[in-house]
Each structure stands twice: as C-alpha cells, then as structure tokens.
Amino acid sequence: MRNKKLTRGFYTKPTLKVAKELLGKCIVRKIGRKKLVGKIIETEAYIGPQDRASHSFGGKITPRNRAEYLIGGHIYIYLVYGMYWQLNISTGKEGRPECLLIRALDLGKLANGPGKVCRYLKLDKSFYGEDLTKSKRIWLDYNPPTASSRSRSERAPDKGEKIKSAQIISTKRIGIDYAGPYWSKRKWRFLLKTAKI
DNA sequence: GTACAGATTGAG
DNA sequence: TCAATCTGTACT
C-alpha cells in the first residue's frame with residue numbers, strides 16, 4: 001500500500017457521491033514533525049442553495065459561509081454553540097454552495113462527533129478556506145500513511161480500501177429539524193456499518 | 001446597539 | 001434533561 005493524496009478531481013464530483021466516497025479515507029493533520037491520522041467514518045451533505053438546512057440556503061453569501069462556494073477540496077470551518085468547530089469540505093464546482101460535514105473519525109470516543117473531530121485534529125478558524133489539495137498541514141489520503149510508502153513509490157497508484165455500498169448506512173441528518181420535515185428527512189448522513197458512534 | 005438561536009457536548 | 005459559551009445575523 002502506498003500513500004496517495006486526494007486531488008481536485010475527487011472533490012469536484014457530485015456532493016452525494018463524494019459524501020459516500022469519503023468514507024474510509026484518511027485525514028492527515030501534520031503538526032511539526034508529528035502526524036495525526038484518522039479514518040473518516042461519518043459524513044453529512046449540505047447542498048445549497050435549495051437545502052433549507054444549509055447555511056447557504058437561498059444563495060445567501062456571508063463572511064462566514066463564503067468558503068462553501070469554493071471549488072471542491074477547500075475547508076469550510078465554523079463555530080457552533082460558541083465553542084465547537086465544525087469541519088466541512090467544499091464539493092462540486094466553483095460557485096456552488098455544497099459541502100460535507102465530517103462528523104466522525106475511526107478513533108473511538110476521541111472523534112465520535114463533529115466537534116470532537118476538530119478538537120482532536122486541532123482545527124480552528126485559521127484553517128478557513130484551506131485548500132486540501134495544496135496544504136502542507138492538512139490533507140486527505142486514500143490510505144493510512146506507511147513507513148514503506150517512499151520505497152514503494154514505483155508501484156502503480158493504489159486507490160486504497162474499497163468501500164462497498166452495502167457497508168454504508170444512510171440516515172437523516174442530525175440537529176437540523178428547524179429546516180422542516182422535507183429537508184430534515186433527506187437521508188444525507190452517511191456512515192460505515194462498522195462505525196460505532 | 002441589542003437580542004437571539006445554533007450542522008454539539010458532557011455532566012446530572 | 002439541560003447549561004455552557006459566543007459569534008453571526010437580523011432587527012431597532
């Protein structure tokens with residue numbers, strides 16, 4: 001297995017497709033010489049401007065949500081309830097306010113909720129608008145980093161663990177009942193069957 | 001300027 | 001079940 005960073009093309013596909021494909025991918029956060037790594041096991045899609053649960057409902061653009069409109073692969077991060085950061089990844093084309101909330105990593109109780117994901121990865125406003133395809137401090141990878149990856153760099157690209165659709169559960173999104181029954185019942189939350197949230 | 005509610009969490 | 005905690009957003 002070799003390391004393979006996710007590039008622009010991964011993020012610019014339709015949002016619901018990316019939401020499912022993100023499951024099983026690894027977030028790599030580099031702090032100094034150390035790397036924090038976690039496998040994504042739960043995502044949630046927000047698809048403005050029609051989605052009433054989205055911050056960009058109705059095509060609204062504010063200083064807070066403008067990162068949602070960036071081309072796929074950028075970080076949209078914001079504070080909720082005055083204390084928890086929420087990590088989102090923009091998806092789709094430039095100008096389309098679509099994004100995915102990263103709700104959990106495969107790290108047990110350390111990251112079994114969106115606020116805890118950011119607490120574990122030490123993410124805050126300074127990551128606002130960060131490009132995951134260019135950043136030196138945070139990116140996504142098909143595989144967990146391995147010590148041998150450099151010496152095997154001659155091998156063919158490895159797209160990592162294949163997640164079958166039968167392994168994915170989709171449910172209603174969490175905490176957005178204010179959006180009304182039509183939008184709150186969309187099954188736009190995706191998690192691995194094996195996930196223990 | 002002021003009021004208010006939220007894409008959550010953890011304690012009681 | 002509920003308070004913590006604070007910023008963006010709407011409204012005066």
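Lettering of chains follows the sequences in order, A, B, ..., and the numbering in each one begins at 1. Please read all numbers here as calculations on a predicted model, not as lab measurements.
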J.: More than 12 non-hydrogen atoms from neighbouring residues, nucleotides or ligands closer than 6.0 Å to CZ on A:Arg186, yes or no?
T.: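 Counting neighbours around CZ of A:Arg186, more than 12 heavy atoms of other residues, nucleotides or ligands fall under 6.0 Å, so yes.
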J.: With a sphere of 6.0 Å drawn around NZ of A:Lys125, does it hold more than 12 non-hydrogen atoms of other residues, nucleotides or ligands?
T.: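 Counting neighbours around NZ of A:Lys125, more than 12 heavy atoms of other residues, nucleotides or ligands fall under 6.0 Å, so yes.
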J.: Nearest of B:dT9, B:dA7, C:dA10 to any side-chain atom of A:Glu68?
T.: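 Taking heavy atoms from C-beta onward, the closest nucleotide is B:dA7.
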J.: Which nucleotide wins on minimum distance to the side chain of A:Thr62, given the candidates C:dC6, B:dT8, C:dG8?
T.: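 Nearest to the side-chain atoms of A:Thr62, counting from C-beta on, is C:dG8.
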J.: Taking everything shown except A:Arg96 itself, do over 12 heavy atoms lie less than 6.0 Å from its CZ?
T.: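 Result for CZ/A:Arg96: open.
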J.: Measuring from the side chain of A:Leu101 (C-beta onward, heavy atoms only), which nucleotide among C:dT9, B:dT8, B:dA7 has the closest atom?
T.: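 It is B:dA7.
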J.: Look at A:Arg119 and B:dG10 and indicate whether a side-chain polar atom (N or O) is within less than 4.0 Å of OP1 or OP2.
T.: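 True: A:Arg119 side-chain N/O within range (under 4.0 Å) of B:dG10 OP1/OP2.
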J.: Tell me whether A:Tyr84 and B:dT8 count as stacked here, given that the ring centres must be under 5.5 Å apart and the planes must differ by less than 30 degrees.
T.: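 The ring of A:Tyr84 is not stacked on B:dT8.
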J.: How is A:Arg64 classified with respect to the nucleic acid when contacts are heavy atoms under 4.0 Å: base, sugar-phosphate, or nothing?
T.: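 A:Arg64: backbone/sugar contact only, no base atoms under 4.0 Å.
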J.: Hey, which of these two, A:Lys125 or A:Met83, hits DNA chain C nearer its 5' end, going by closest nucleotide?
T.: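 That would be A:Met83.
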J.: If we only count heavy atoms from C-beta on, is the A:Tyr11 to A:Ile71 side-chain gap below 4.5 Å?
T.: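 They are not in side-chain contact.
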J.: Pairs counted as Watson-Crick or G-U wobble with both distances under 3.5 Å: what dot-bracket string results for DNA chain B, using | for bases tied to another strand?
T.: ||||||.||||.
J.: Check for me: is A:Tyr178 stacked on B:dG6 by the 5.5 Å centroid and 30° plane-angle rule?
T.: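 No, aromatic ring not over the base.
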J.: Under the 3.5 Å rule, do the base of B:dA7 and the side chain of A:Tyr78 count as making a donor-acceptor pair?
T.: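 Answer is yes: a donor-acceptor pair is held.
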J.: Looking across every strand, which nucleic acid part, if any, lies under 4.0 Å from A:Asn65 by heavy atom: base, sugar-phosphate, or nothing?
T.: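 The answer is nothing, as A:Asn65 stays clear of every strand by at least 4.0 Å.
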J.: Of the nucleotides C:dA4, C:dC6, C:dA10, which one has an atom closest to the side chain of A:Lys60?
T.: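 Nearest to the side-chain atoms of A:Lys60, counting from C-beta on, is C:dA10.
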J.: Counting only side-chain N and O atoms of A:Lys116, is one of them less than 4.0 Å from OP1 or OP2 of B:dG10?
T.: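 Yes, because at least one side-chain N or O of A:Lys116 sits under 4.0 Å from OP1 or OP2 of B:dG10.
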